[in-house]
Amino acid sequence: MKSYEEINAKIRAGKAVVVTAEEVIHIAKDIGIKEAAQKIDVVTTGTFGIMCSSGAFLNFWHTKPKIKMQRVWLDNVPAYGGLAAVDCYLGATELDINDPANTHHPGNFRHGGGHVIEDLIAGREVKLRAEAYGTDCYPRRTYEQTITINDLRQAFIFSPRNCYQNYNVATNCSDQTIYTYMGVLKPHMANIHYSSAGQLSPLLNDPYYRSIGIGTHIFLGGGEGFVAWPGTQHAPSDPRNERGIPLGGAGTLAVIGDMKQMDARFIRGVSVTGYGVSLMVGIGVPIPILDEDMLYYTTVEDKDIQAPLCDYGPDGYPTGEPCTLGYLNYAELKSGEVEFEGKKIRTAPLSSYSKAQEIAGTLKQWISDGKFELGQPSRLIPGDSSFIRKEDRHDNE
Amino acid sequence: MTTNNITQNVILRYSPDLVGDPIVYLLVKEYDLIPNIIKASVNPDKEGYILLGLTGEKENYKRAIERLQEIGISVQSLVDRVNWDEDKCTQCGACTAVCPSQALSLQRPEMTVTFDGDKCVVCHMCIQACPVNAVTLDF
């Protein structure tokens with residue numbers, strides 16, 4: 001048994017043994033779980049994919065004379081101003097006011113909240129426009145200014161739901177091409193899309209959240225961040241396999257982090273044809289090897305992780321009825337082709353595995369260099385549904 | 001088929017007076033080329049274009065292109081018309097299963113995206129599939 005304090009003391013001394021969630025698989029095969037658990041202090045994970053339910057809180061400094069911004073736009077993307085005088089929340093999926101959306105289906109969705117967040121992080125100029133009704137204390141009615149992130153007093157990402165533990169794998173059983181948040185799906189199950197880093201993904205390396213909770217110190221968008229809360233739609237009671245790996249989305253995290261530290265290589269605005277705009281987010285979570293069980297969980301491999309293959313055609317996912325056709329594991333999915341019910345189907349990821357590797361590697365470097373310590377959670381993310389009031393629980397929870 | 005066969009994707013652009021001519025028939029009949037028409041259109045000014053793949057013996061292909069140019073049809077190679085911006089690409093791979101010719105593919109086990117312009121048939125699927133607009137088309 002190791003404590004957070006013992007591991008952090010080793011990190012400070014530059015003596016912590018840190019490996020990625022890929023490397024630990026081979027190490028455990030060579031020397032066994034027991035010895036690996038003694039030797040290794042931290043296993044780093046990573047994921048980089050489209051994560052809806054992301055957004056940022058921004059504060060603009062007070063203007064002279066003062067304004068209580070009621071309506072706010074950043075590069076023509078509305079931000080929510082109903083918070084205070086010069087605070088707003090910019091959501092990743094908000095559209096540019098001039099975007100034609102799906103008027104000519106499928107829409108291109110070239111610009112929205114996710115892109116503005118990327119532009120700010122990249123240091124690009126963004127045009128702020130605000131309107132107010134005017135008060136005795138905040139008389140100004142309108143304000144326009146070109147700003148960069150350096151002109152913001154505070155800017156932090158606060159995303160209610162990121163880092164899904166596992167996720168649906170999408171196909172299309174109908175006879176028409178469909179344009180979904182899982183990408184372009186051709187008719188008659190011509191392609192399959194998945195969106196997970198599999199064996200590198202944070203919550204698949206600690207499936208029962210034994211080390212992840214409020215205050216866990218993480219890599220977020222190229223800077224440091226924290227786990228703030230269980231994410232919205234956190235559903236830990238989803239069915240699990242014998243290794244504890246959930247067979248559906250299951251766990252999610254609400255995360256927070258300083259935008260001024262972030263790097264636009266690890267957080268990108270995205271246009272999803274026919275669906276809308278969103279944000280690709282890079283997250284890495286360090287898993288402390290507190291005991292042998294923790295080490296065991298980090299040795300999970302792609303072949304151990306199954307995900308539900310769902311029909312996203314009009315008779316499937318959109319109806320709200322069950323749409324699972326079967327289960328596929330990530331070793332099959334990553335190979336580029338799977339065989340399902342006698343048919344060979346091409347597969348493609350929507351999340352970047354090479355970026356996930358880069359994130360796990362960067363986090364490993366930060367910790368090895370003594371620059372990044374572990375955060376001991378003040379409360380763990382719930383591993384069952386007891387945190388949800390009985391009357392709010394869904395039938396399957 | 002001889003080993004001297006090549007496949008090229010080209011855009012043929014017609015002036016209004018040539019739009020009615022059976023150009024593809026000429027390519028088949030006189031130059032023994034196999035055409036694969038991917039896209040064709042005539043605009044309101046009656047100018048037209050055909051985007052097609054041509055497979056055949058190298059010398060025949062060369063002579064056919066010369067003939068088309070003599071007739072007054074502009075011939076543009078497609079390879080340099082699709083731009084994949086490696087710096088913009090996040091290496092996610094969302095373009096790879098919808099790409100019919102596997103011009104965009106994932107290298108395994110690195111799981112990084114590569115683009116082979118020679119295989120590209122300019123079907124536009126990648127442009128719809130790419131979430132970060134890393135693929136653009138001058139067309």
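Since we're looking at a predicted model, the values are computed, not measured.
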Would you say [atom1] of [X] has more than 12 non-hydrogen atoms from neighbouring residues, nucleotides or ligands within 6.0 angstrom?
{"X": "Gln176(A)", "atom1": "CD", "value": "no"}
{"X": "His105(A)", "atom1": "NE2", "value": "yes"}
{"X": "Lys343(A)", "atom1": "NZ", "value": "yes"}
{"X": "Asp21(B)", "atom1": "CG", "value": "yes"}

side-chain contact (heavy atoms from CB on, under 4.5 Å) between Lys186(A) and Met125(B): does it pass, once the steps are laid out? CA-CA 10 Å; Lys186(A) 297 197 280 186; Met125(B) 287 303 284; 3.9 Å; yes
Contact class of [X] relative to chain B, heavy atoms under 4.5 angstrom:
{"X": "Tyr275(A)", "answer": "neither"}
{"X": "Gln357(A)", "answer": "side chain"}
{"X": "Ser335(A)", "answer": "backbone"}
{"X": "Tyr179(A)", "answer": "side chain"}
{"X": "Phe266(A)", "answer": "neither"}

Test side-chain contact (heavy atoms from CB on, under 4.5 Å) on Glu358(A) and Gln91(B) and set out the steps.
CA-CA 11 Å; Glu358(A) 194 180 343; Gln91(B) 311 290 338; over 6 Å; no
### Query
With a 4.5 angstrom heavy-atom cut-off, which part of Glu110(B) approaches chain A: side chain, backbone, both or neither?
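Just its backbone gets close to chain A.
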*Portion of Cys95(B) that has a non-hydrogen atom of chain A nearer than 4.5 angstrom*: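 Neither; nothing under 4.5 Å.
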Would you find a donor on one side and an acceptor on the other, under 3.5 Å apart, between the side chain of Ser352(A) and the backbone of Thr90(B)?
->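 Yes, Ser352(A) side chain to Thr90(B) backbone: donor-acceptor pair under 3.5 Å.
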Is it the case that the side chain of Arg268(A) and the backbone of Lys88(B) share a donor-acceptor pair, with hydrogens and angles ignored and the cut-off at 3.5 Å?
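Here the side-chain-to-backbone pair exists.
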Closest heavy-atom pair and its distance - Val184(A), Val98(B):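 Heavy-atom minimum between the residues: O-CG1, 3.5 Å.
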| said: For a quick test of reading the model, state the closest non-hydrogen atom pair linking Ile127(B) to Thr273(A) and the distance between them. | reply: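 Minimum heavy-atom separation between Ile127(B) and Thr273(A): O-OG1, 4.5 Å.
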### Side-chain heavy-atom pair Leu350(A), Cys92(B) within 4.5 angstrom cut-off
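Side chain of Leu350(A) against side chain of Cys92(B), heavy atoms only: no contact under 4.5 Å found.
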Partner chain B: residue of [options] with the largest heavy-atom pair count (under 4.5 Å):
{"options": "His193(A), Lys355(A), Arg110(A)", "value": "Arg110(A)"}
{"options": "Gly183(A), Pro106(A), Ser271(A), Ser354(A)", "value": "Ser271(A)"}
{"options": "His115(A), Lys334(A), Met280(A)", "value": "Lys334(A)"}

